[in-house]
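Working notes, beginning with the structure itself.
We count residues from 1, following the sequence as given. In what follows, every heavy atom counts, from backbone to side chain, and hydrogens, waters and symmetry copies are set aside.
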Amino acid sequence: MTPDATIDRRSYLKAVGAVGATGAVAGCTGSGDGEDGEDDGTEVINPGTAPGFPPFEYTEDGELVGFDVDLAEAAIERAGYEVGEWTEIEFDSLIPSLTQGNLDLIAAAMTINEERQQQIAFTDPYYESDQAVLVAEDSDLSPESVDDLADQRVGAQSGTTGQDEVDTLVDDGIVSADDTRQYDNYTLGVQDLENGNVDALIIDIPVAQNFADGRAVSIAFTIETGEVYGMGMRQDDDRLADINDALAELQDDGTYDELVAEWFE
């Protein structure tokens, strides 16, 4: 449920994000336009994501929507910046695009890990998750542990921690490398799962549950990974501290909980 049914979600987020820090900050990527169409001096932060990961980010009726989209926009505006144009690309292209300056902030349910921290900086964590193993409802496969995936065709979205778990299955000799599948996004993977072209997908729990609620797939078991998500920014971007402060404010004033209730409950 939205906090106010009389206005749309984005209008609401603009309202709650109206208060925030302002001033000159290093790493400026542009200025915003005021109501008269002239430059009002507000710095722009251009966010990027990888659709196909509902309810965090996906396309609905041609519009980019999702928990990450709303949270990122609220945080950017609460921090005193203007939300720029969203970049929608494949997940494993997000970090290169960020470091090359093609976007300023990654909001894509990205797990904080050591490898990624060597390339980019993360905000404080904003979500916790484990991995789930998804199977087709009409499948004869009913795995209860990773050992039950032996000799099965297992897939994940490339560049994700789900793919890391698939790689671990290969390294442990449970699954053959020839039996693994990589997808640009999980929507394609679920289609393959329903069509019998892959036997199982490894995917973040909330996204797996979202697919299970609306598609002919179900969660077989979970893999405890203790992951936390963060938004990514360049390591030399001083605005990271402002985004962190904004995320903390959104949690303290109840906005974060309202978004969780809207997208996950």
Side-chain angles (χ1 to χ4, degrees), residues 49-58 66-68 90-92 108-117 122 125-230 259-265:
T49 192
F53 205 64
F56 289 94
E57 43 268 334
Y58 62 104
F67 175 74
D68 278 340
E90 295 177 5
F91 186 85
D92 53 8
M110 183 171 283
T111 298
I112 301 172
N113 61 32
E114 184 176 349
E115 179 181 357
R116 290 170 179 159
Q117 285 177 311
F122 281 98
Y126 67 88
Y127 200 90
E128 298 180 0
S129 181
D130 292 313
Q131 295 290 308
V133 175
L134 207 60
V135 298
E137 286 184 349
D138 60 358
S139 173
D140 294 332
L141 179 66
S142 300
E144 297 180 356
S145 70
V146 293
D147 290 334
D148 294 332
L149 297 175
D151 301 322
Q152 303 297 321
R153 298 165 299 176
V154 184
Q157 180 175 316
S158 60
T160 66
T161 46
Q163 180 62 48
D164 291 341
E165 293 300 317
V166 173
D167 292 342
T168 297
L169 293 177
V170 174
D171 292 341
D172 291 345
I174 296 173
V175 173
S176 166
D178 292 337
D179 287 332
T180 63
R181 304 288 186 272
Q182 293 189 22
Y183 300 95
D184 290 338
N185 61 67
Y186 274 112
T187 301
L188 298 176
V190 170
Q191 290 174 354
D192 243 10
L193 189 62
E194 291 177 315
N195 293 332
N197 297 321
V198 66
D199 299 309
L201 291 176
I202 302 183
I203 181 173
D204 300 53
I205 285 179
V207 184
Q209 188 60 59
N210 185 275
F211 280 122
D213 289 342
R215 305 285 289 268
V217 296
S218 61
I219 296 176
F221 66 94
T222 60
I223 304 172
E224 294 185 5
T225 55
E227 299 172 46
V228 291
Y229 301 161
L259 291 177
V260 169
E262 176 180 354
W263 290 105
F264 297 100
E265 299 178 5

Please indicate whether Glu128 has more than 12 foreign heavy atoms, meaning atoms of other residues, nucleotides or ligands, lying under 6.0 Å from its CD.
no

Option passing side-chain contact (heavy atoms from CB on, under 4.5 Å) with Thr180 (candidates Val198, Val175, Asp167)
Val175

How many angstroms lie between atom CG of Leu193 and atom CD of Glu137, to the nearest 0.5 angstrom?
10.0 Å

Closest heavy-atom pair and its distance - Gly226, Asp130
N-OD1, 2.7 Å

Over 12 non-hydrogen atoms of neighbours within 6.0 angstrom of CG in Asn195:
yes

Indicate whether the side chain of Tyr127 and that of Asp68 have a donor and an acceptor atom separated by less than 3.5 Å.
no

Interatomic distance, Tyr183 atom OH to Gln163 atom CD [nearest 0.5 angstrom]:
10.5 Å

Nearest heavy-atom approach of Pro143 to Phe221 is O-CD2, 3.4 Å

Grab the two heavy atoms, one from Gly155 and one from Val166, that are nearest each other, plus how far apart they are.
O-CG2, 3.9 Å

Mind checking the CZ-CG spacing from Phe122 to Asn113? Nearest 0.5 Å is all I need.
6.5 Å

If you compare all heavy atoms of Asp147 against all heavy atoms of Ile174, which two are closest, and at what distance to 0.1 Å?
OD1-CD1, 3.7 Å

For Asp199, is there an ion pair with Arg153 - N to carboxylate O distance below 4.0 angstrom?
yes

Counting the benzene-type ring for Trp, do Phe67 and Tyr58 have ring centres under 6.0 Å apart?
no

Nearest-0.5 Å distance that lies between atom CD in Gln157 and atom OG1 in Thr187
8.5 Å

What is the minimum heavy-atom distance between Arg116 and Gly159, and which atoms define it?
NH2-O, 2.8 Å

Sub-4.5 Å side-chain heavy-atom contact between Glu165 and Val133
no

Evaluate the side-chain proximity of Val135 to Ser218: yes if any heavy-atom separation is below 4.5 Å, no if none is.
yes

CZ/Phe91 to CG/Asp184 distance, rounded to the nearest 0.5 angstrom?
12.5 Å

Out of curiosity, Tyr186 OH to Ile202 CD1, how far, rounded to the nearest 0.5 Å?
7.5 Å

State whether the side chain of Asn185 and the backbone N or O of Leu188 hold a donor-acceptor pair below 3.5 Å, judged by distance alone.
yes

If you look only at distance, which donor and acceptor atoms sit under 3.5 Å apart when one is on a side chain in residues 204-215 and the other is two or more places apart or in another chain?
{"residue": "Asp204", "atom": "OD1", "partner": "Gln131", "partner atom": "NE2", "Å": "3.3"}
{"residue": "Asp204", "atom": "OD2", "partner": "Tyr229", "partner atom": "OH", "Å": "2.3"}
{"residue": "Gln209", "atom": "NE2", "partner": "Asp213", "partner atom": "OD1", "Å": "2.9"}
{"residue": "Arg215", "atom": "NE", "partner": "Glu194", "partner atom": "OE1", "Å": "3.3"}
{"residue": "Arg215", "atom": "NE", "partner": "Glu194", "partner atom": "OE2", "Å": "3.3"}
{"residue": "Arg215", "atom": "NH2", "partner": "Glu194", "partner atom": "OE1", "Å": "2.8"}

